[in-house]
A.B. asks: 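Handing you a structure now.
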Amino acid sequence: MENNDSTVKTDFIREIIREDINSGRFSSGIMTRFPPEPNGYLHIGHAKSICLNFGIAAEFGGKCNLRFDDTNPTKEEQEYVDSIKEDVRWLGFDWEEREYYASDYFDQLYQYARKLIDKGKAFVCDLTADQIRDFRGTLTQPGKGSPYRNRSVDENLALFERMRQGEYPDGFRTLRAKIDMASPNLNLRDPVMYRILHASHHRTGEKWCIYPMYDWAHGQSDSIEGITHSICTLEFEDHRPLYDWFITELGIHHPRQIEFARLALTYTVMSKRKLLELVKRKIVSGWDDPRMPTISGLRRRGFTPESIRLFAERIGVAKRDSMVEISVLEDCIRELLNKQAPRVMAVLRPLKVVLVNYPDEKTEEFETDNNPEDLSMGKRLVPFSKLLYIEREDFSENPPKGYFRLTPTNEVRLKHAYFIRLKEVVRDGSGEIVELHCTYDPDTHGGEAKDGRKVKGTIHWVSAAHSVDAEVRLYDHLFSKEDPEDDSDGRDFFGSVNPDSMITLKECKLEKSMGQAAKGSRFQFLRHGYFLVDPVDSKPERPVFDRIVSLKDAWKKK
RNA sequence: UGGGGUGUCGUCAAGCGGUAAGACACAAGCCUUUGGAGCUUGCAUUCCCAGGUUCGAAUCCUGGCACCCCAGCCA
């Protein structure tokens, strides 16, 4: 990824790296890595990490690897590695040929483990999982050493080999590091390095029945890859002493680990477990549901890679726990699309308008800029006729104060076209308004009055004869609470799913050209927001649009 | 009550002993053929609290307080 940002970023991680470069701490160039576990789809929190790791590598002339931490075959799947690769690439980053897997290092890790056994720093333990927990002690009390802690090197080597050969059932024995059962840091109380798991691995198949724990695999994987800066989240801060211990005992390359706070966003959840739950319970249509905070969901919603990168830049990186307001993300995509998206008129909740004094068969066309923010995007002609649709919300019989759209007394401008005035409200038997009869003023052609009179409101419209029917999906926050994980009000996060997070409008009237709009392209529907031509469901005869984000609305706020 | 972290505007976040950046949000006004966009202005006399050092402290020291993480053969 090219770094075309002229301002130098000064977050604490980059500061540390600058110091390391200046002090010559690492002789070769900067190496980072993005190390996901392929057990779910990537979300916007991962995007923060991806932008950080790949961004730093690019800024400092280094490289960033993509490495899958695939040490638990019971949870990992090829589907996830495929989605992760797609998402990282879509975000605009390139790991070139450096696609690695912790499982690439299983043989090396096995040899490293033998080395620790040789040094008397690791042992095979026969305790059950429950017993290990009991022996571990508590936060305030030291643990007790395993009775198997002092087996001989030869016995350990033999037993470890037999574990590998598959002689024992799942969980029968473990390999543990021999460190300090009295350490105040629980991670140092003889942590498990290997467990027996007779499970097929998505890459190594049946080759192994013992699998390294993350804590045993991660640091060594970074070391093997020559990573200089292992950037990870806060919860690994007190694992660092353990990683340091392994590396030191092994005498291998020592990366510098730096921890930062993971991302939390209002009105959504970020844990993979909860996201999976939403998918399983069919509360959303899948990992890529447009309301999901996953990269694939945001993509499906219509966010651009650029908008996600801009977001990552704006929120910064630090160590304090934080919750970023979703409005920051929304503003990023708005800011970008304001400059990029062609404008078009779309009536979402149509109300028929007949211009009683307009000639029956007449049609005329008005010229308009495709994007007033970027005139190079050209102009187009919008057809106009006697029978139109306007937004139901743009007419009010008993308007609240400050309302300056169409009312029995307010004259309004049909954007680009004419001023109109209400003549008659037509209702059906039940009293429901079915259409409006209005008059237009021929002396306001183009939307400008010859006598210079002004009008407060300008509304959008679509000529009935020149429209295309469309389906429009209005998306909103998935949850109705800022922090859905906060259940102090008695509602758990399933209970706070926003029932209006997706509203489907099936009788929308759009400018006819929208029937030909390319799937995946983005438009601004005037006065509504930014919309994506649905990449899956849209068809020329029946276009489908997804709302990416609404426009700011100073009136609705009142 | 063990260990590891963190506390600066409503929300993020700069600040690194010389007198509180920026962004989002919010508010007011201007402008407007999108109540959009744009523009202008306002928005922490104060940095968790209390002491101390210093000519000078958000920054250094001491002591509190609050919040987050850790007792998976998950990552």
Side-chain angles (χ1 to χ4, degrees), chain A residues 10-11 15 35-37 39 69-72 74-76 125 127-130 132-134 136-143 170-176 183-189 191-197 210-211 213-215 217-218 232-241 259 261 263 266 272-273 313-332 334-335 338-339 343 345 368 372-373 402-405 413-417 419 444 446-448 454-460 482 524-529 550-558:
Chain A
T10 60
D11 57 78
E15 288 299 338
E37 183 193 11
N39 69 339
D69 271 336
D70 54 350
T71 55
N72 185 351
T74 65
K75 290 187 177 167
E76 294 146 9
C125 184
L127 256 25
T128 65
D130 284 345
I132 288 182
R133 181 165 9 92
D134 291 341
R136 187 152 34 222
T138 69
L139 294 178
T140 51
Q141 292 169 316
D170 286 2
F172 192 68
R173 291 198 223 263
T174 56
L175 182 74
R176 295 225 259 160
S183 171
N185 181 343
L186 269 17
N187 296 118
L188 265 21
R189 319 244 262 228
V192 172
M193 295 163 62
Y194 276 96
R195 76 284 216 187
I196 298 172
L197 230 42
I210 56 171
Y211 289 95
M213 297 290 292
Y214 174 86
D215 275 349
H218 188 80
C232 64
T233 44
L234 255 27
E235 68 271 26
F236 294 106
E237 204 147 17
D238 47 14
H239 292 236
R240 184 167 12 108
E259 308 86 6
L263 172 67
T266 56
K272 277 195 207 170
R273 211 208 92 236
E313 196 175 300
R314 284 197 182 164
I315 59 174
V317 46
K319 293 194 74 160
R320 66 187 84 105
D321 291 306
S322 60
M323 181 170 288
V324 176
E325 289 179 352
I326 192 78
S327 62
V328 179
L329 211 212
E330 294 170 342
D331 186 71
C332 289
R334 257 191 219 112
E335 176 177 314
N338 179 43
K339 294 280 191 283
R343 317 273 127 134
M345 292 199 284
T368 177
E373 299 291 320
Y403 184 90
F404 45 78
R405 279 109 102 150
R413 167 166 43 233
L414 293 178
K415 176 127 174 133
H416 312 307
F419 286 7
T444 57
E448 198 102 47
K454 301 290 184 195
V455 94
K456 283 286 255 310
T458 299
I459 65 176
H460 60 275
E482 274 209 353
Q524 184 197 98
F525 288 177
L526 238 52
R527 303 207 297 137
H528 282 302
S550 66
L551 248 26
K552 287 189 203 169
D553 189 342
W555 167 244
K556 193 183 284 178
K557 267 195 308 213
K558 288 188 183 175

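Protein chains get the first letters and strands the later ones, always in sequence-line order, with residue 1 at the start of each.
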A.B. asks: A:E237 side chain: which of B:G5, B:G35, B:C74 is closest?
C.D. replies: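 The nucleotide sitting nearest to the side chain is B:G5.
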A.B. asks: Evaluate side chain to side chain contact (heavy atoms under 4.5 Å, CB included) for A:H218 paired with A:D69, printing each intermediate quantity in order.
C.D. replies: CA-CA 7 Å; A:H218 188 80; A:D69 271 336; 2.8 Å; yes
A.B. asks: Any base atoms under 4.0 Å from A:P372, or only sugar-phosphate, or nothing? Heavy atoms, all strands.
C.D. replies: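 Here A:P372 touches the bases of the nucleic acid.
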A.B. asks: For B:C74, does either OP1 or OP2 sit under 4.0 Å from a side-chain N or O belonging to A:T74?
C.D. replies: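 It does not, given that no N or O in the side chain of A:T74 lies less than 4.0 Å from OP1 or OP2 of B:C74.
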A.B. asks: Across the strands shown, which category fits A:S322 at heavy-atom distances under 4.0 angstrom: base, sugar-phosphate, nothing?
C.D. replies: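 If one applies the 4.0 Å heavy-atom cut-off, A:S322 turns out to touch the sugar-phosphate alone, with no base involved.
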A.B. asks: Using a 4.0 Å heavy-atom cut-off, does A:V455 contact any base of the nucleic acid, only the sugar-phosphate backbone, or nothing at all?
C.D. replies: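 Nothing, no nucleic acid heavy atom in range.
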A.B. asks: Report the nucleotide, chosen from B:A14, B:A71, B:G35, that has the shortest atom-to-atom distance to any side-chain atom of A:A318.
C.D. replies: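 That would be B:A14.
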A.B. asks: Could one point to a donor on the side chain of A:E259 or the base of B:G4 with an acceptor on the other under 3.5 Å away?
C.D. replies: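 Such a pair does not exist between side chain and base.
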A.B. asks: State which of B:U34, B:G35, B:C73 makes the closest approach to the side chain of A:A129.
C.D. replies: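 The closest nucleotide is B:C73.
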A.B. asks: Can you tell me, in whole Å, how much space there is between the C1' of B:A13 and that of B:G2?
C.D. replies: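 Here B:A13 and B:G2 have their C1' atoms 33 Å from each other.
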A.B. asks: At under 4.0 Å between heavy atoms, what does A:T128 touch on the DNA or RNA strands: base, sugar-phosphate, or nothing?
C.D. replies: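 It contacts base atoms.
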A.B. asks: Which listed nucleotide (B:G36, B:A75, B:G35) is nearest to the side chain of A:F404?
C.D. replies: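 Nearest nucleotide to the side chain: B:G35.
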A.B. asks: Treating A:T266 as the side-chain partner and A:I326 as the backbone partner, does any N or O pair qualify as donor plus acceptor under 3.5 Å?
C.D. replies: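 The answer is yes, because a donor-acceptor pair under 3.5 Å joins these two groups.
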A.B. asks: Examine distances only and state if a side-chain atom of A:T174 and a backbone atom of A:R176 form a donor-acceptor pair shorter than 3.5 Å.
C.D. replies: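 Checked: no pair found.
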A.B. asks: Could you please name the option among B:G15, B:C73, B:A13 that lies closest to any side-chain atom of A:T10?
C.D. replies: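 Between B:G15, B:C73, B:A13, the one nearest the side chain of A:T10 would be B:G15.
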A.B. asks: Taking the P atom of each, how far is B:G38 from B:A44, in whole Å?
C.D. replies: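 Those two atoms are separated by 23 Å.
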A.B. asks: What's A:L127 touching, base or sugar-phosphate or nothing? Going by heavy atoms closer than 4.0 Å.
C.D. replies: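 Base, at least one base heavy atom under 4.0 Å.
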A.B. asks: Considering all heavy atoms of both residues, which atom of A:A261 and which atom of A:R320 are nearest to each other, and what is their separation?
C.D. replies: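 The pair with the smallest heavy-atom distance is CB-O, 3.3 Å.
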A.B. asks: Name the nucleic acid region contacted by A:R405, choosing base, sugar-phosphate or nothing; use a 4.0 angstrom heavy-atom cut-off, strictly under.
C.D. replies: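 Since a base atom lies under 4.0 Å of A:R405, the category is base.
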A.B. asks: For A:E37, is there an ion pair with A:K75 - N to carboxylate O distance below 4.0 angstrom?
C.D. replies: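 No, A:K75 and A:E37 are not salt-bridged.
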A.B. asks: Considering every strand and a 4.0 Å limit on heavy-atom distances, what is the contact class for A:R413: base, sugar-phosphate, or nothing?
C.D. replies: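 The answer is base, as A:R413 lies within the cut-off (heavy atoms under 4.0 Å) of a base atom.
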A.B. asks: Counting only side-chain nitrogens and oxygens, does A:R527 get under 4.0 Å of the OP1 or OP2 atom of B:G35?
C.D. replies: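 For B:G35, OP1 or OP2 has a side-chain N or O of A:R527 closer than 4.0 Å.
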A.B. asks: To check you understand the geometry: which heavy-atom pair defines the closest contact between A:R189 and A:T138, and what is its length?
C.D. replies: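 Looks like NH2-O, 2.7 Å.
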A.B. asks: How would you label the contact of A:E448 with the nucleic acid (heavy atoms, under 4.0 Å): base, sugar-phosphate, or nothing?
C.D. replies: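 Since a base atom lies under 4.0 Å of A:E448, the category is base.
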A.B. asks: With C1' as the reference atom in both, quote the distance from B:U6 to B:C26 in angstrom, rounded to an integer.
C.D. replies: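 The same atom, C1', in both gives a distance of 27 Å.
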A.B. asks: Of all the choices, B:A14, B:A71, B:G35, which nucleotide is nearest to the side chain of A:Y403 once you look at every atom?
C.D. replies: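 Between B:A14, B:A71, B:G35, the one nearest the side chain of A:Y403 would be B:G35.
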A.B. asks: For a quick check of understanding: with a heavy-atom distance under 4.0 Å over all strands, which category does A:R320 fall into, base, sugar-phosphate or nothing?
C.D. replies: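 A:R320: base contact, heavy atoms under 4.0 Å.
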A.B. asks: Using the salt bridge (charged side-chain N to carboxylate O under 4.0 Å, His left out) criterion, which residues pair with A:R133? Sequence neighbours excluded.
C.D. replies: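 In terms of salt bridge (charged side-chain N to carboxylate O under 4.0 Å, His left out), with neighbours along the sequence ignored, A:R133 is linked to A:D130.
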A.B. asks: For A:M323, report the nucleic acid contact type (base, sugar-phosphate, nothing); a contact means any heavy atom under 4.0 Å.
C.D. replies: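 Sugar-phosphate contact only - A:M323 comes under 4.0 Å of backbone atoms but never of a base.
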A.B. asks: Please tabulate the protein-to-nucleotide N/O contacts below 3.5 Å involving nucleotides 67-70 of chain B, giving atom names and distances.
C.D. replies:
unit_1	atom_1	unit_2	atom_2	d
B:C68	O2'	A:D321	OD2	3.3

A.B. asks: Looking only at heavy atoms, what is the nearest atom pair of A:T71 and A:A217, with distance?
C.D. replies: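 Smallest interatomic distance, heavy atoms only, reads CG2-CB, 3.6 Å.
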A.B. asks: Do the rings of A:Y403 and A:W555 sit parallel, tilted or perpendicular, given the 30° and 60° boundaries?
C.D. replies: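 A:Y403 vs A:W555 ring planes: perpendicular.
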A.B. asks: Are the aromatic rings of A:H460 and A:H528 close, with centres under 6.0 Å apart?
C.D. replies: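 Yes, ring centres under 6.0 Å apart.
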A.B. asks: Using a cut-off of 4.0 Å on non-hydrogen atoms, how would the nucleic acid contact of A:Q524 be classed: base, sugar-phosphate, or nothing?
C.D. replies: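 Here A:Q524 touches the bases of the nucleic acid.
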A.B. asks: Measuring to OP1 and OP2 of B:G36, would you say a side-chain N or O of A:R343 lies under 4.0 angstrom away?
C.D. replies: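 So the side-chain polar atoms of A:R343 never come under 4.0 Å of the phosphate oxygens OP1 or OP2 of B:G36.
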A.B. asks: Can you see which heavy atom on A:R343 is nearest to which on A:P372, and at what distance?
C.D. replies: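 So the minimum-distance heavy-atom pair works out to CG-CD, 3.7 Å.
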A.B. asks: Under 3.5 Å, which N/O atoms of the protein pair with N/O atoms of nucleotides 23-28 of chain B?
C.D. replies:
unit_1	atom_1	unit_2	atom_2	d
B:C24	O2'	A:S327	OG	2.8

